[in-house]
Number of protein chains: 2
Amino acid sequence: MKMHNPPHPGEVLRKLCLEPLGLTVTEAAKALGVSRKTLSSILNGRAGISPKMAVRLSLAFNTTAESWLNQQMQYDLWHAERNRKRLRVQKLSAA
Amino acid sequence: MKMHNPPHPGEVLRKLCLEPLGLTVTEAAKALGVSRKTLSSILNGRAGISPKMAVRLSLAFNTTAESWLNQQMQYDLWHAERNRKRLRVQKLSAA
DNA sequence: TAACCCGCAACGATATACGTTACACTAAAG
DNA sequence: CTTTAGTGTAACGTATATCGTTGCGGGTTA
């Protein structure tokens, strides 16, 4: 069981992509082809990274879309697992 | 570049979980705590596997939620990559 | 025939991604 | 001090997605 809160991918994006290149949010949003608000929401953890956005990031920053989606998945999964005790689910397979 | 269409996770779910246990859709849906329609949509490729659903599957079938979300991610990513040429994105990092 | 299972259409509630516009705050430059 | 650039974010609209309920037609089986 992994027990530490995975960072929101937006934080990583800012620290690893925008800051090293000295990019402003406005500049990066324009280059990515999205609105400033859309990028800002991601950077501040108010929106997730969609598959389409992951592809945009891969094109702009020469990375893999998979790595971005993977981070998003880990983040979503961690939050979903936190509430798993509230789900009433019967076991269907033998342990 | 991976070039083969990844299967929809719903197919895998049916083949690897429902059929081996001889479960009907109705039974499985009840055990998972979702409506028959919800599960049917997933099995027939009309809905994706959400993080919450992945946790339900992990509890019912003694698997990892990550494996289900990973399959969903590969599926979504493949479809997003297919249209990446339509995205107007500027490169921001040196190759 | 009757009981059960299935896919699916229709409708609503809720959430997310994305856009535009507008406002207030900050920091830097004139 | 005034102007400007950058930022966060609220409001509002649109499109799409998950998930629920209800109901219907078709298939299988007892």
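Below, chains carry the letters A, B, ... as their sequence lines are ordered, and counting in each starts from 1.
- Listed by chain and number, the residues in a side chain to side chain contact (heavy atoms under 4.5 Å, CB included) with A:Pro7 are A:Glu11, A:Val12 (sequence neighbours excluded).
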Open item on the list: Using a 4.0 Å heavy-atom cut-off to protein, can you give one letter per nucleotide of nucleotides 6-22 of chain D, 5' to 3': B if the base is in contact, S if only the sugar-phosphate is, - if neither?
Closed with: SBBBBB------SSBB-
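- Rounded to an integer number of Å, the gap from NZ of A:Lys30 to C1' of D:dA5 is 12 Å.
- In this structure, A:Met53 CE and A:Gln72 CD are separated by 11.0 Å, a value rounded to the nearest 0.5 Å.
- A side-chain contact (heavy atoms from CB on, under 4.5 Å) with B:Leu32 is found for exactly one of B:Leu39, B:Ile42, B:Leu59, namely B:Leu39.
- Side chain of A:Ser40 to backbone of A:Lys37: no donor-acceptor contact under 3.5 angstrom is found.
- Side-chain atoms of A:His8 come within 3.5 Å of backbone N or O of A:Ala47 as a donor-acceptor pair.
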Interface polar pairs with nucleotides 25-30 of chain C, N/O, under 3.5 angstrom:
none

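- In summary, the side chains of B:Thr63 and B:Trp68 do present a donor paired with an acceptor at a separation below 3.5 Å, with no hydrogens or angles considered.
- The shortest heavy-atom contact between A:Trp78 and A:His4 is NE1-O, 3.7 Å.
- Heavy atoms only, all atoms of each residue included: B:Gly10 and B:Leu43 are closest at O-CD2, 3.6 Å.
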